[in-house]
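Notes follow once the structure below has been shown.
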Number of protein chains: 2
Amino acid sequence: MYDLQALIERCLQGDKLATARLISLIERGDPATPFILERIYPHTGQAYTIGITGPPGAGKSTLLDRLVQKFCSQQYAVGVIAVDPASPFAGGALLGDRIRMKFDRRNQDCFFRSMSAGKAMGGLARATQDVARVLEASGRRIILIETVGVGQSELDVAKATDTVLVVLTPDAGDSIQVMKAGLLEIADVYAINKSDRPGADSLSLALQGMLDRKAMIDAGPSWRPPICPTSAAFGHGVRNLYESLWSHHDHLQKNSMLEERRKSRLKEELLKKIEEELARVVGKDLLCKVEAAGGLDDVWARKVDPLTMARRIVAARFEERADAKNFPGD
Amino acid sequence: MYDLQALIERCLQGDKLATARLISLIERGDPATPFILERIYPHTGQAYTIGITGPPGAGKSTLLDRLVQKFCSQQYAVGVIAVDPASPFAGGALLGDRIRMKFDRRNQDCFFRSMSAGKAMGGLARATQDVARVLEASGRRIILIETVGVGQSELDVAKATDTVLVVLTPDAGDSIQVMKAGLLEIADVYAINKSDRPGADSLSLALQGMLDRKAMIDAGPSWRPPICPTSAAFGHGVRNLYESLWSHHDHLQKNSMLEERRKSRLKEELLKKIEEELARVVGKDLLCKVEAAGGLDDVWARKVDPLTMARRIVAARFEERADAKNFPGD
């Protein structure tokens, strides 16, 4: 354990190598993970996290690169987590590598980490969350999390941040897709990248229309997501985007929504962990009981369907249902 | 409820419209879902399910189309579930539509259903499983489930079948990807589609090599996945592939592995349902308790990390740990 202790100490002092090794341990679900997270946790909770998502090919990584430079130029210690698509067919790793190279050359105070959605143990959102905590504990104050907007789990990752930046391009197709992908619900700031291309204005107009409609429905302290035209390749509009991100941060803070958001996220996390613990401590145990009582055979014989059987078992265990009597073996 | 009863009756008699409506209810997580599944379940468990997966653009849908024709020509009632990628950006719907059109024109006794991974309530694998059961209850004896091999959840769907067909193409890149994607572990039959293109032989050789290595490691009644060159567009090699699928089915049956596979899948499903029930019945309740006891505040104040808190709560509830005492409020 001593070595692990030392690793954690060095991570807390900002040692990049130690940080990287801790992250690797967590990523592969090492048994030491709970211990690591327990020690790390007290040093977390203050970093400003930004989720960046959007369709493949929107130029997210280039835009991310520009934003990182901006943050670094303002003396912020930046951490980046780029979630690669799960499938190797999608060539996600390549994406990661491309960014990493750039960073290592240019930014001294940016820690870049590429994660494969496929490898993530115990759910992508959770793994990303844990890695982000290690990064924060190692002294990162700004944490950027990039996910390709494919798949619910990727969107969940983006959602679990303070500010969600949705990157679109004129050629990424009409704004209907934004709604279909559920991006309209989570976007705090829009960037229309490659805005030098035709169709940028019509996309912007379509988005404005959607935001108008949304504004009519929504209640509460209203934040209208700004739409920032950018051209990451040439570095156009990046400064404006950078300021839009901060203004959303300030808006959250002014209305004490930052704390609300983080608290409710923490509450969700706690609930999920409780459920996982229940599964670990009680779940298998109940399965053995029901199997011993011939319950599995009944399901196999099509006498009872799995859900009904599951409800009986749990009800029998917690005496909360009348039909608990029907539980085989009771 | 009467209407629902009637729907289920008509589904059991093979009515396609009723079947489609039941599936829609299940897909959108209608409250009637448990009731439907309970009534449907006794009529399931016999269908032969085949999972078809592989990289995008491998020509899976065309090959699937050919296989369906083959099955139908042998007087099998076929059901097809095509799982579209979660993201609208990926244009999954289009894929679904393309197949559907073909089917409606050509096959009278095929029921086609396209599902969006994004919409699937309560997990993709689970939703697909439920839909497959409805299809079987409506009289389908062969059920083909197509998923794009992107993302773990898609692979899980393919895995939850009797026979897994992995479709590759020479231009889909080297066989390393197969291993990276975890396809080597789940493939029962390989199809090298577009085998008229260059690289087909070298891909076949590479696969053979991987299978040789795997064969040296694996134990148990050994099935060596055949590698079938096909050219779906021209219908070449489809018959051979069709027979390879059946020979795997027969192999499973001969060695009573078909029953084993299905039983262990059912056991997994039961465990999952038990865990979901535990979460539903106990989880929220525990969260309220711990919140009332100020546990959430302690987590928020970084005094305890979420996992440790979760363990205390569950331990306190089930008195299985000494540190249960530390649980706030106890």
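To find a chain, count down the sequence lines: A is the first, B the second, and so on, and within it residues start at 1.
A:Glu291 CD to B:Leu270 CG: the interatomic distance, rounded to the nearest 0.5 Å, is 9.0 Å. A:Tyr41 OH to B:Lys303 NZ: the interatomic distance, rounded to the nearest 0.5 Å, is 12.0 Å. For the atom pair CH2 of B:Trp300 and CD of A:Glu259, the computed distance is 5.0 Å after rounding to the nearest 0.5 Å. For the atom pair A:Leu286 CG and B:Ile274 CD1, the distance stands at 5.5 Å (nearest 0.5 Å).
No option in B:Val314, B:Ile313, B:Val281 other than B:Val314 meets the side-chain contact (heavy atoms from CB on, under 4.5 Å) test with A:Leu278.
If you measure heavy-atom distances from B:Arg262 to chain A, the contacts under 4.5 Å come from both the backbone and the side chain. Heavy atoms of B:Glu269 lying under 4.5 Å from chain A belong exclusively to its side chain.
The shortest non-hydrogen separation linking B:Leu266 to A:Pro306 is CD1-CG, 4.3 Å. For the pair B:Thr44 and A:Arg302, the tightest heavy-atom approach, listed with the atom from each and the gap, is O-NE, 2.9 Å.
For A:Leu307, the side-chain contact (heavy atoms from CB on, under 4.5 Å) partners two or more places apart in sequence, or in a different chain, are A:Asp305, A:Arg311, B:Pro34, B:Lys273, B:Glu277.
Among B:Leu296, B:Val299, B:Val304, B:Leu37, the residue making the largest number of heavy-atom pairs under 4.5 Å with chain A is B:Val299. The residue among B:Arg133, B:Glu38, B:Lys284 with the most heavy atom pairs within less than 4.5 Å of chain A is B:Glu38. Of the listed residues A:Gly283, A:Gly45, A:Ala310, the one with more heavy-atom pairs under 4.5 angstrom with chain B than any other is A:Ala310.
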